[in-house]
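Before any comments, here is the structure.
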Protein chains: 2
Amino acid sequence: MRLKERKIPIQQECGLDLIREVLFGKWKIHLLYYIGQGIMRPGQLHKEIPEASRRVVNMQLKSLEEDGFVSKTIYDQKPLKAEYRLTYIGFSVLPIITAFGNWGDNNREHLKRVISQKVNFL
Amino acid sequence: MRLKERKIPIQQECGLDLIREVLFGKWKIHLLYYIGQGIMRPGQLHKEIPEASRRVVNMQLKSLEEDGFVSKTIYDQKPLKAEYRLTYIGFSVLPIITAFGNWGDNNREHLKRVISQKVNFL
DNA sequence: CGGTATCCCTCGGGATACTG
DNA sequence: CAGTATCCCGAGGGATACCG
């Protein structure tokens, strides 16, 4: 798993702390959402998130798998094929992720405005 | 959100992207939650999150204020007094934050287990 | 198609001390 | 009490190349 030991330990008091540790990787929530939409293959998932490198997508998928949010199936064939599916736990967070997505969509104008005011925005 | 017709998504349009930019600072969601609980003064908020330095708490509060999630009131008196309140927009995200917190609480055992496996905590 | 190996760099945020 | 000024670190990821 992890090669280096963390210098700064993870706090694990409340539910929000726990969630942040496992779900707040940059693309994890997106991945769960897309997998929930039925997009299960790594290549497809990467196409949905072209801003992230392939390596990062794999890293986050592996992390989600280790944390029990998705399961991975590897088909022994050519060309190679792999599929990710939501576990029961992964499925159970979906409604909250969707709620976040909907909230963001509904407040798109406000959010885009405040984000564009931040410094390093192109 | 949609699933179809998006070969080349140039979008920072996705609600999940927008939300991440504005709410996924390490302590922002906690701060919104506590402010929603009626804990409005900086000192009190810092006591709720002793793992974060005072400077970081202030940074995140300022960011939340700039992004329209909280409003700040400074009372011109001695000793100094300041209070943060949720704006309408800030208030509207609260249910989702609460949902996340409840989910984390309900799945505490699982989350603590997977977190402790990947990291040296405490 | 799928996954790794290296390298490198950003930048969020930790610690501490100071001012009004 | 509230906020700032410095300094600094390290974990997360971006880029790229390579392998089954």
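Any value given below was found using the heavy atoms of this structure, including those in side chains, with hydrogens, waters and symmetry copies removed.
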Answer with yes or no after comparing the ring centroid distance for B/F100 and A/F100 against a 6.0 Å cut-off, counting only values under it.
-> yes
Could you pick out which residue, A/R54 or B/Q44, lies toward the 5' side of DNA chain D when each is mapped onto its nearest nucleotide?
-> B/Q44
Are A/K72 and C/dG3 close enough that a side-chain N or O sits under 4.0 Å from OP1 or OP2?
-> yes
Just checking, A/R20 and B/W27: is the charged tip under 6.0 Å from the six-membered ring centre and within 45° of the axis?
-> yes
Once you round it to whole Å, what is the distance between P of D/dA5 and CG of B/N58?
-> 12 Å
Nucleotide nearest B/R41 (side chain, heavy atoms from C-beta), chosen from C/dA15, C/dC1, D/dC1 = D/dC1
Whole-Å distance separating the CE atom of B/M59 from the P atom of D/dA5 = 13 Å
May I ask you to check whether B/D17 and A/H30 show a side-chain donor-acceptor distance below 3.5 Å?
-> yes
What integer distance in Å separates A/M40:CE from C/dC1:C1'?
-> 16 Å
From CD of A/E51 across to P of C/dT10 the rounded distance in Å is 20 Å
DNA chain C nearest-nucleotide lookup for A/L61 and B/Q60: closer to the 5′ end is A/L61
How close or far is atom P of C/dC11 from atom CZ of B/R20, stated in whole angstroms?
-> 14 Å
Distance test, side-chain N/O of A/K62 to OP1/OP2 of C/dT4, below 4.0 Å | yes
Round to the nearest Å and state the distance from B/K26 atom NZ to C/dC11 atom P.
-> 18 Å
Measure the distance from CH2 on B/W27 to C1' on C/dG12 and round it to the nearest whole Å.
-> 13 Å
Is the closest side-chain heavy-atom distance between B/Y84 and B/S71 below 4.5 Å?
-> no
If you look at every strand shown and take non-hydrogen atoms under 4.0 Å, does B/K78 touch a base, only sugar-phosphate, or nothing?
-> nothing
Just wondering, more than 12 heavy atoms not from A/Y75 lying within 6.0 Å of its OH?
-> yes
Is the base of C/dT6 touched by the side chain of A/R55 through a donor-acceptor pair closer than 3.5 angstrom?
-> yes
Among D/dA15, C/dT16, C/dG20, the nucleotide that comes nearest once only the side chain of B/L80 is considered | C/dG20
Can you tell me how far P of D/dG20 sits from CD1 of A/I74, to the nearest Å?
-> 16 Å
What's the closest nucleotide to the A/V56 side chain, out of D/dG3, C/dC1, D/dG13?
-> D/dG13
Looking at the side chain of A/A52, which of C/dG3, D/dC1, D/dG14 is the nearest nucleotide?
-> D/dG14
Hey, does the side chain of A/K81 come within less than 4.0 Å of C/dG3's phosphate (OP1/OP2), counting only N and O?
-> no
Phosphate OP1/OP2 of D/dA2: any B/Y84 side-chain N/O under 4.0 Å | no
